[in-house]
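Just below is one structure, and these are the notes that go with it.
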Amino acid sequence: LFLHNKLIEMYGKCGSAHHALEIFHSMSHKNSFTWDMTLFACSRNGHLDDAQRIFQAMPRHNVASCTAMLAAYAHNGHILEAKDVFDSIQQPDLAACNAMLAAYAQNGHAELASAHFRHMAQWDVVSWTTVLSAVAQEGHVIAAREIFDDMPCRNLVSWTAMMNAYGSTGQMERAKSMFDDMALRDLVTWTAMVAAYARDGHPDAAKQIFSQMPEWNMVSWSALLNAYSQSGATEYAKTLFEEMPQHNLVTWTALLCVYSQSWHLDEAREIFQKMPERDQVSWNAMLAAFSQNGSIRESQSCFDSMPQHNPISWSSLLSAYAQSGHPEESKRIFESMPQRSPSSWISMVVAYAQAGHIDHAQHMFDAMPQRD
RNA sequence: CUCGGUAGAAGCAG
């Protein structure tokens, strides 16, 4: 029993919710620690439905299990359910309040987040860092810096969040300067720097940071792979993929995109078939490959085969038709989309313009709910 | 008293 609990805990920490669940189900006697650790394993690894089942089947809820469930809902964008769980906590502690704060912040509810923040009885470095990265993600890097400077205390995570605020907005000199000033760096810090150089189009700098890292994991490997992929260094990307100690959904999908970007549609398709598993992102990547290569028939059949559609899938399908001058089909898709974004409207303008229907294009343009 | 739950890093359309 004790041993099994430890095993569940370990599987949860190293990202294998599946194995944790296996052990869980094989156990005939479970204590509250068993339930908690299984829930955390599911929550941490994004298995919302499993987390939900465990949570509902638990004999007793405590603050910790509610906090984990709350976070699982929040990470999947289910803010109302997160709030319900929060409200069900009899005496929320600081961690629970922080989780609710993060739930608002990560889902773009800046007003609710700041109201929640103001009503909290106390704050710790986690609360402040949550606000810092929320503000940074809204694009307010200067405001984020002010928070960083005014925080009562800072730790490695706060420093990394601030560094990443610079790095993700292309302010590489500031990011690098913070990176150099940091006395402590962990895997996340190093990887954030690699990813920042990748986005900024400097695969050489990314590689240099990567080589200096004391250790690597899947995330750091894929950050470097992405640096090569983004910059069109196709051969480096392929070689790196071969050299990686392990592959996962992210690296397989990144490789698929390498082929797709270099117009090797057949190889992209082959990679897709070879992948041991597929998720929404990899399906979307395959669809985008067909769409960008102007292959309408394959785009449509890929779309039809997908287990789920999200706004990105719809967007790819629509632009496949739009860019190849099929205004009627585009219109049909546009109207059957569950949600339309400004880019859906732009696609329709493109569809009509491509087909030479300037009047229709103008009409769509005028009808757009928002323009920038 | 210790441990567990909350904040920072990688892949998809426009």
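Reminder, nothing fancy here: chain letters follow the sequence lines and each chain counts from 1. Every heavy atom of this structure was used, including side-chain atoms; hydrogens, water molecules and symmetry mates were not.
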Grouping I, L, V, M, F, W and Y whenever their side-chain heavy atoms are under 4.5 Å apart, do A:Val188 and A:Trp216 come out in a common cluster?
no
Nucleotide B:G4, atom C1' - distance to CG of A:Leu7 in whole Å:
16 Å
Establish whether the base of B:G5 is bridged to the side chain of A:Asp93 by a donor-acceptor pair shorter than 3.5 Å.
yes
Nearest-Å distance, CZ (A:Phe2) to P (B:G4)?
13 Å
Whether A:Arg332 and A:Glu329 form a salt bridge (side-chain N of Lys/Arg under 4.0 Å from carboxylate O of Asp/Glu) is what I want to check.
yes
Aromatic rings A:His247 and A:Phe241: how do their planes relate, parallel, tilted or perpendicular, breaks at 30° and 60°?
parallel
Readout for nucleotides 7-14 of chain B: B = base within 4.0 Å of protein heavy atom, S = sugar-phosphate only, - = neither; 5' to 3' it is BBBBBBBS
Between atom CZ in A:Phe33 and atom P in B:C3, what is the gap in whole Å?
12 Å
Would A:Met37 end up clustered with A:Met69 when hydrophobic side chains under 4.5 Å apart are linked, directly or stepwise?
yes
Between the main-chain N or O of A:His61 and the side-chain N or O of A:Ser65, is there a donor-acceptor pair closer than 3.5 Å?
no
Does anything in residues 295-307 of chain A form a salt bridge (Lys or Arg N to Asp or Glu O under 4.0 Å)? List the pairs, not counting sequence neighbours.
A:Arg269-A:Glu298
Grab the CG-P distance between A:Leu132 and B:U6 for me, whole Å please.
19 Å
